[in-house]
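Written below as structure tokens is the structure these notes are about.
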Amino acid sequence: MVDSLGVAVIGFGWMGRVHTRAYARVRHHYPRLALRPQLVTVAEEVPGRAEEAAEQFGFASATRDWREVAADPRVQAVSITAPNFLHREIGVAMAEAGKHVWIEKPVGLTADDARAVADAVAKAGVRSAVGFNYRNAPAVETARGLIASGGIGTVTHARIRLFSDYAAHPEGALTWRYERERGGSGVLGDLASHGVDLARHLLGDIASLTAETAVFVPERARPTGATAGHARATGGDVGPVENEDYVSCLLRFASGARGVLEACRVSVGEQNTYGFEVHGTKGAVFWDFRRMNELGVSRGTTYQDQPVSTVYAGPGDGEFGAFQPGAANAMGYDDLKVIEAARFLRSIAEGKPYGATLTDAVHSAQALDAMARSAQSGSWVDVQGP
């Protein structure tokens, strides 16, 4: 028997839409799930946007006040896709109301924010999921297994990169994303948080790090009305960009491996250039999000001049088989969120974690805080566990 689970989405920009589509599709790909999500309500403060979402996607109701979601007995689980500065307040409130929480990274502005939501979830006994979606790519899961099994020997060093041009245009609007009070740590929370999660997912805990940050577009025009995504603005009052456009970071892992993490939101010519290279004593693995279903693998006993093979993700890799019947059939970004939704629902049904949780969010946030401290002090900083 399949039970219904009433779900709500709070915040209906692009990511709110992605979560909603994932709920709509999840049982198409995972027909044996014990829970069937039902779209109960959507909350969005921009006038008219929640009503449009309800009409387009089939939510039973709409509201501009997210607090109504906490009080709604029809809702058992909530997607929190609102701006970063609201994550802590909304996340804690939903957990205290007994709702399961699927929340987008970086889960607030600081490690204290992420920890507050994690503590509220633990105290309430509800389940959590966090939007570290790149770890869900089947090729990434294959890379993780290969590394863990010793397939490339002992890991020596890795490079994780996250370059994008979404903020490269000088006319990009000065939205909340560029304010310290509401956006937090800029590219650290937006992109480097994914990089930290990939690093930990593949190589284990980060022990210490040293980082440098920079702002390359120091001023932007304020928008004159409601915005969505990365809108442009001209003619508005010009204000300062308060958080980082760029971060570079050296990592020391608890295992003894070394790493480099670099992220930038103003990289002209780079569109979602996300990926990693992990090197070991016997080989290496390479992954590029733009070729999400491919994994470069070098392994063997040749060492010098050892070739790299391209391996295409197939039904035996991660969750690939839930989407495509044979290797090299393409999966896309939204599919990663369907995987995330399925794991969230499975964790609720079975009462144990599947996929990224708030514990992972706390680890990531602590590393981001350490990066900020290091950039300010110019020194190596230890990364503390939760």
Inset, instruction - Go through Glu68 and Thr63 one step at a time and tell me if the side-chain hydrogen bond (donor to acceptor under 3.5 Å, both in side chains) criterion holds. - result: CA-CA 7 Å; Glu68 293 183 7; Thr63 179; 2.8 Å; yes
Where [X] and [Y] come nearest, the two heavy atoms and their spacing:
X      : Y      : result
Ala60  : Arg74  : CB-NH1, 4.1 Å
Gly183 : Leu109 : C-CD2, 3.7 Å
Gly11  : Thr81  : O-OG1, 2.5 Å
Glu179 : Asn243 : O-ND2, 3.6 Å
Ile160 : Gly195 : CG2-CA, 3.8 Å
Cys264 : Leu191 : O-CD1, 3.6 Å

Does the side chain of [X] reach to within under 4.5 Å of the side chain of [Y], using non-hydrogen atoms?
X      : Y      : result
Phe344 : Ser128 : no
Val338 : His28  : no
Arg200 : Asp205 : yes
Asn272 : Phe163 : no
Trp66  : Glu45  : no
Cys249 : Val260 : no
Val130 : Asp360 : no
Asn84  : Trp176 : yes

Legend entry - Those residues that, when tested against Asp245, pass salt bridge (Lys or Arg N to Asp or Glu O under 4.0 Å) (two or more places apart):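 Partners of Asp245 by the salt bridge (Lys or Arg N to Asp or Glu O under 4.0 Å) criterion, ordered by chain and then number, come out as Arg265.
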Legend entry - Under the side-chain hydrogen bond (donor to acceptor under 3.5 Å, both in side chains) test, residues paired with Tyr312 that sit two or more places apart: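 Not a single residue meets the side-chain hydrogen bond (donor to acceptor under 3.5 Å, both in side chains) criterion with Tyr312.
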Legend entry - All side-chain hydrogen bond (donor to acceptor under 3.5 Å, both in side chains) counterparts of His169, not counting sequence neighbours: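 His169 satisfies side-chain hydrogen bond (donor to acceptor under 3.5 Å, both in side chains) with Arg232 only.
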Inset, instruction - Would you give the length of the straight line joining atom CD1 of Ile147 to atom CG of Leu202, rounded to the nearest 0.5 angstrom? - result: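 Result: 4.5 Å between the selected atoms.
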Legend entry - Interatomic spacing from CE in Met371 to CD in Glu244 - rounded to 0.5 Å: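 The CD atom of Glu244 is 10.5 Å from CE of Met371, to the nearest 0.5 Å.
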Under 3.5 Å, is there a donor-acceptor pair linking the side chains of [X] and [Y]?
X      : Y      : result
Arg252 : Thr210 : no
Gln271 : Arg290 : no
Ser193 : Ser364 : no

Taking [Y] as the starting point, is it possible to reach [X] by hopping between hydrophobic residues whose side chains are less than 4.5 Å apart?
X      : Y      : result
Phe85  : Ile10  : yes
Phe286 : Val140 : no
Leu39  : Leu5   : yes
Phe276 : Phe253 : yes
Phe323 : Tyr354 : no

Inset, instruction - Apply ring-ring contact (aromatic ring centres under 6.0 Å, His included) to Tyr333 and Trp14, showing your working. - result: CA-CA 13 Å; Tyr333 178 91; Trp14 170 64; 5.4 Å; yes
Determine yes or no for a side-chain-to-main-chain donor-acceptor pair under 3.5 angstrom, with [X] supplying the side chain and [Y] the backbone.
X      : Y      : answer
Asp165 : Val266 : no
Glu44  : Val46  : yes
Arg220 : Leu174 : no
Ser185 : Gly189 : yes
Asp65  : Arg67  : yes
Asp197 : His194 : no
Thr156 : His279 : yes
Thr357 : Ala129 : no
Glu277 : Ala284 : no
Asp369 : Ala111 : yes

Inset, instruction - Check step by step if side-chain hydrogen bond (donor to acceptor under 3.5 Å, both in side chains) holds for Thr273 and Glu270. - result: CA-CA 6 Å; Thr273 308; Glu270 303 278 10; 2.5 Å; yes
Inset, instruction - Look at the aromatic rings of Tyr134 and Phe289 and report parallel, tilted or perpendicular, splitting at 30° and 60°. - result: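 Taking Phe289 first and then Tyr134, their aromatic rings stand perpendicular (interplane angle over 60°).
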Inset, instruction - For Ser79 and Tyr23, run side-chain hydrogen bond (donor to acceptor under 3.5 Å, both in side chains): C-alpha distance rounded to whole Å, both residues' side-chain angles, the deciding distance at 0.1 Å, then the answer. - result: CA-CA 10 Å; Ser79 280; Tyr23 284 129; 2.8 Å; yes
Considering only NZ, NE, NH1 and NH2 on the basic side and carboxylate oxygens on the acidic side, decide whether [X] and [Y] come within less than 4.0 Å.
X      : Y      : value
Glu262 : Arg161 : no
Arg25  : Asp335 : yes
Arg88  : Asp112 : no
Arg36  : Asp3   : no

Over 12 non-hydrogen atoms of neighbours within 6.0 angstrom of [atom1] in [X]:
X      : atom1 : answer
Arg159 : CZ    : no
Glu350 : CD    : yes
Gln306 : CD    : yes

Legend entry - With Ala53 via side chain to side chain contact (heavy atoms under 4.5 Å, CB included) - residues at least two apart: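 Only Phe12, Val42 meet the side chain to side chain contact (heavy atoms under 4.5 Å, CB included) criterion with Ala53.
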Legend entry - side chain to side chain contact (heavy atoms under 4.5 Å, CB included) partners for Asp119, two or more places apart: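 Checked Asp119 against side chain to side chain contact (heavy atoms under 4.5 Å, CB included); matches are Arg115.
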Enumerate, atom names and distances included, each donor-acceptor pair closer than 3.5 Å involving a side-chain atom of residues 98-107, sequence neighbours excluded.
{"residue": "Lys99", "atom": "NZ", "partner": "Asp72", "partner atom": "O", "Å": "2.7"}
{"residue": "Lys99", "atom": "NZ", "partner": "Val75", "partner atom": "O", "Å": "2.8"}
{"residue": "His100", "atom": "ND1", "partner": "Arg127", "partner atom": "N", "Å": "2.9"}
{"residue": "Trp102", "atom": "NE1", "partner": "Glu340", "partner atom": "OE2", "Å": "2.9"}
{"residue": "Glu104", "atom": "OE2", "partner": "His19", "partner atom": "NE2", "Å": "2.7"}
{"residue": "Glu104", "atom": "OE2", "partner": "Lys337", "partner atom": "NZ", "Å": "2.7"}
{"residue": "Lys105", "atom": "NZ", "partner": "Asp190", "partner atom": "O", "Å": "2.7"}
{"residue": "Lys105", "atom": "NZ", "partner": "Asp190", "partner atom": "OD1", "Å": "3.4"}

Legend entry - CA sep, side-chain torsions, deciding dist, call: Asn136, Arg343, side-chain hydrogen bond (donor to acceptor under 3.5 Å, both in side chains): CA-CA 10 Å; Asn136 299 330; Arg343 290 174 173 171; 3.0 Å; yes
